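Okay, so here's the structure we're looking at.
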Amino acid sequence: MHKVDLNCDLGESFGAYKLGLDEEVIKHVSSVNVACGWHAGDPIVMDKTVAAAKSFGVAVGAHPAFPDLMGFGRREMVLSPAETESYVLYQLGALYAFTRRHGVELTHMKAHGSLYNMAAKDIGMAMALCKAVAGFDKNIAIVGLAGSKMRAAAEELGLTFVSEVFADRAYEDDGSLVARSKPGSMIEDAALAIDRVVAMVKTGKVYSINGKQISIAADTVCVHGDNSHAVEFVMAIRKRLMDEGVTVVSLR
C-alpha cells in the first residue's frame, strides 16, 4: 500500500500583509510548515496558525529561514556553520513556544527558500541544520529535498529523514530543483503536475526538465498555498491520490 504526506508552507502573513490562503488550504493537507518570523510570519500569525493546525488535526513543523524578510528568504547568505545552527535553533524555539501553549507536538523541521536549497547541496550547512534539531529534540524529523545532502546529515545524527517532492516544481537531471529564475521552473499545467505527483509516489520516478527519467523518493509532497488556484489544486491532488489507492497520512 502506498502512503504519503501532503505538506504546505503556512503562516507567511505578517503585520498588515496577508499572504496565502491558509484558512482554506489547511483543511486539505496533512502537515504544515509554519514560518518562524525571519522570511515571513510574526508572533500573532504563528499563534493563529498553530491553533488552526490543532483544530484540523494536522502535524506542525517549523519552517526556519535566513533573516531575509525583504527577499522572502530566497536570497543566498554566507554564514558560518555555527551561525546557521544558532539561527535555526532560535527559530525552533520561537515556534515551540506556541506549540507548547496549544499542546501541539512539534513534529518536523523544513528549511525555507535558499536555506533549504543550499543545505541540499552543502553537507556543512546540512549538518548545521540537523545539529540544531538534534540539540533541541531528536524526535523532530528532518524534511528535505529527496536525494539531497540533508539525508546524509540527518542519518549521521540519528534523526528521521523525510524525503520531499514538489507538485509544481521542475527538476534538474541531478534531482535538484530548477531555479525559479529559469524558464520552466514551475509546472503551470495542473493536470500534468498531478500526474507527476502520482508517478513520484507510486513509481519513484519523475522526468527532469530535460526529459530524463530520474529516481526520486516521495515521503511527502509539498503543495504551495500562495496562488489563486491553490485550494482547488490541493483538493485535486488529494482526490487523485485517494482514487489511485494512495493513503494520505501526516508526518506525525
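Predicted model only: the values in this text are computed from it and were never measured.
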Q. Going only through I, L, V, M, F, W and Y residues with side-chain contacts under 4.5 Å, is there a path from V197 to L192?
A. no
Q. Does H28 reach the side chain of C8, with side-chain heavy atoms less than 4.5 Å apart?
A. no
(Q) Between F56 and M46, is there shared hydrophobic-cluster membership here, with clusters defined by ILVMFWY side-chain heavy atoms closer than 4.5 Å? (A) yes
Q.
As a quick check of understanding, evaluate side chain to side chain contact (heavy atoms under 4.5 Å, CB included) for L69 and F14, giving each step before the final call.
A. CA-CA 10 Å; L69 189 64; F14 60 94; 3.9 Å; yes
**Q.** Over 12 non-hydrogen atoms of neighbours within 6.0 angstrom of OH in Y207
**A.** no
Q. Do D42 side-chain atoms and G37 backbone N/O form a donor-acceptor pair below 3.5 Å?
A. no
Q. Within a reach of under 6.0 Å around CZ of R75, are more than 12 heavy atoms found that belong to other residues, nucleotides or ligands?
A. yes
Q.
Between D47 and H102, is there a side-chain heavy-atom distance shorter than 4.5 Å?
A. yes
**Q.** I44 atom CD1: more than 12 heavy-atom contacts under 6.0 Å
**A.** no
Q.
Tell me which one of T49, V104, V50 satisfies side-chain contact (heavy atoms from CB on, under 4.5 Å) with L95.
A. V50
(Q) Donor-acceptor pair, distance only, cut-off 3.5 Å: does the side chain of S31 make one with the backbone of L251? (A) yes
Q) Taking everything shown except M235 itself, do over 12 heavy atoms lie less than 6.0 Å from its CE? A) no
Q: Output, in order, the C-alpha distance, side-chain angles, deciding distance and verdict of side chain to side chain contact (heavy atoms under 4.5 Å, CB included) for K121 and M118.
A: CA-CA 6 Å; K121 297 180 179 180; M118 291 173 72; over 6 Å; no
Q: Dump the intermediate steps for salt bridge (Lys or Arg N to Asp or Glu O under 4.0 Å) on E23 and K18, then the final yes or no.
A: CA-CA 12 Å; E23 296 85 357; K18 179 172 173 55; 3.4 Å; yes
Q) Under 3.5 Å, is there a donor-acceptor pair between the H108 and N33 side chains? A) yes
(Q) Using the rule that Ile, Leu, Val, Met, Phe, Trp and Tyr join whenever any side-chain heavy atoms are under 4.5 Å apart, tell me whether V201 and I214 fall into a single cluster. (A) yes
Q: State whether a side-chain donor-acceptor pair under 3.5 Å links S215 with K205.
A: yes
(Q) Could you report the tightest heavy-atom contact between V45 and S13, atom names first, then the distance? (A) CG2-O, 3.4 Å
(Q) Tell me the closest heavy-atom pair linking V249 and S30, and the distance in Å. (A) O-OG, 3.3 Å
**Q.** Pair S163-R151, side-chain hydrogen bond (donor to acceptor under 3.5 Å, both in side chains): steps then yes or no
**A.** CA-CA 8 Å; S163 293; R151 173 183 283 280; 2.9 Å; yes
Q: Determine the sole option in K110, H63, E164, R74 for which the side-chain hydrogen bond (donor to acceptor under 3.5 Å, both in side chains) test with Y116 is passed.
A: E164
Q.
Using 0.5 Å steps for rounding, measure from the CG atom of L157 to the NZ atom of K138.
A. 6.5 Å
Q | Working for side chain to side chain contact (heavy atoms under 4.5 Å, CB included), residues L177 and E172 | A | CA-CA 6 Å; L177 295 175; E172 297 283 8; over 6 Å; no
Q.
Taking the side chain as everything from C-beta on, heavy atoms only, tell me whether I140 gets closer than 4.5 Å to L159.
A. no
Q: Check whether more than 12 heavy atoms from other residues, nucleotides or ligands sit under 6.0 Å from atom CD of E155, and answer yes or no.
A: yes
Q | Test side chain to side chain donor-acceptor pair (under 3.5 Å) applied to K239 - qualifying residues, sequence neighbours left out | A | D243
Q. Got a second to check how far M127's CE is from M150's CE, nearest 0.5 Å?
A. 10.5 Å
(Q) For K212, is there an ion pair with D173 - N to carboxylate O distance below 4.0 angstrom? (A) no
Q: Supply the atom-to-atom distance T160 OG1 to I142 CD1, rounded to the nearest 0.5 angstrom.
A: 9.0 Å
Q.
Starting from V162, can I reach L145 by hopping between I/L/V/M/F/W/Y residues whose side chains sit under 4.5 Å apart?
A. no
Q | In one Ile/Leu/Val/Met/Phe/Trp/Tyr side-chain cluster, 4.5 Å: V231, M242 | A | no
Q) Would you say the side-chain atoms of E12 and Y17 include a donor-acceptor pair closer than 3.5 Å? A) no
Q) Would a 4.5 Å heavy-atom cut-off, applied to side chains only, mark L6 and R238 as touching? A) yes
Q.
Between K54 and E105, does any NZ, NE, NH1 or NH2 come within less than 4.0 Å of an OD or OE carboxylate oxygen?
A. no
Q | Heavy-atom closest contact (A167 atom, V223 atom, distance) | A | CB-CG1, 4.1 Å
Q: Hey, could you give me each pair passing side chain to side chain donor-acceptor pair (under 3.5 Å) that has a residue in residues 82-96? Not counting sequence neighbours.
A: S80-E83
Q: First locate atom CG of L92, then atom CG of L106, and finally report the distance between them rounded to the nearest 0.5 Å.
A: 6.5 Å
Q | Residue pair L79 / F66, side-chain heavy-atom distance below 4.5 Å | A | yes
Q) According to the side chain to side chain donor-acceptor pair (under 3.5 Å) rule, which pairs have a member within residues 192-204, sequence neighbours left out? A) D195-R240, K202-E244
Q: Could you tell me whether the side chain of Y171 reaches within less than 4.5 Å of the side chain of M200, counting heavy atoms only?
A: yes
Q.
Would you say R169 and S185 are linked by a side-chain donor-acceptor pair, where the criterion is simply a distance under 3.5 Å?
A. no
Q) Would L115 and V88 count as a side chain to side chain contact (heavy atoms under 4.5 Å, CB included) if you check the C-alpha gap in whole Å, the side-chain angles of each, and the deciding distance to 0.1 Å? A) CA-CA 10 Å; L115 183 60; V88 173; 4.2 Å; yes
(Q) To the nearest 0.5 Å, what is the distance between CD1 on I187 and CD1 on I194? (A) 12.5 Å
Q.
Looking at D219 and K3, is there a salt bridge between them, counting it only when a charged N and a carboxylate O are closer than 4.0 Å?
A. no
Q. Which heavy-atom pair separates A230 from V25 by the least distance, and what is that distance?
A. CB-CG2, 4.2 Å
Q. Do N210 and S208 get their side chains close enough for a donor-acceptor pair, meaning under 3.5 Å?
A. no
Q) Rounded to the nearest 0.5 Å, how far apart are CG of L21 and CG of L10? A) 10.0 Å
Q) Which atom names give the shortest non-hydrogen contact between G11 and A35, and what distance separates them? A) O-CB, 3.4 Å
(Q) Does K131 form a salt bridge (Lys or Arg N to Asp or Glu O under 4.0 Å) with E156? I'd like the steps, not just the answer. (A) CA-CA 10 Å; K131 283 181 179 179; E156 183 172 333; over 6 Å; no
Q: Please find out if less than 6.0 Å separates the ring center of F72 from that of H112.
A: yes
**Q.** Criterion side-chain hydrogen bond (donor to acceptor under 3.5 Å, both in side chains) on S250 and D5, from CA distance to verdict
**A.** CA-CA 5 Å; S250 78; D5 169 64; 5.6 Å; no
**Q.** Minimal non-hydrogen separation, S148 against A120, with atom names
**A.** CB-O, 3.4 Å
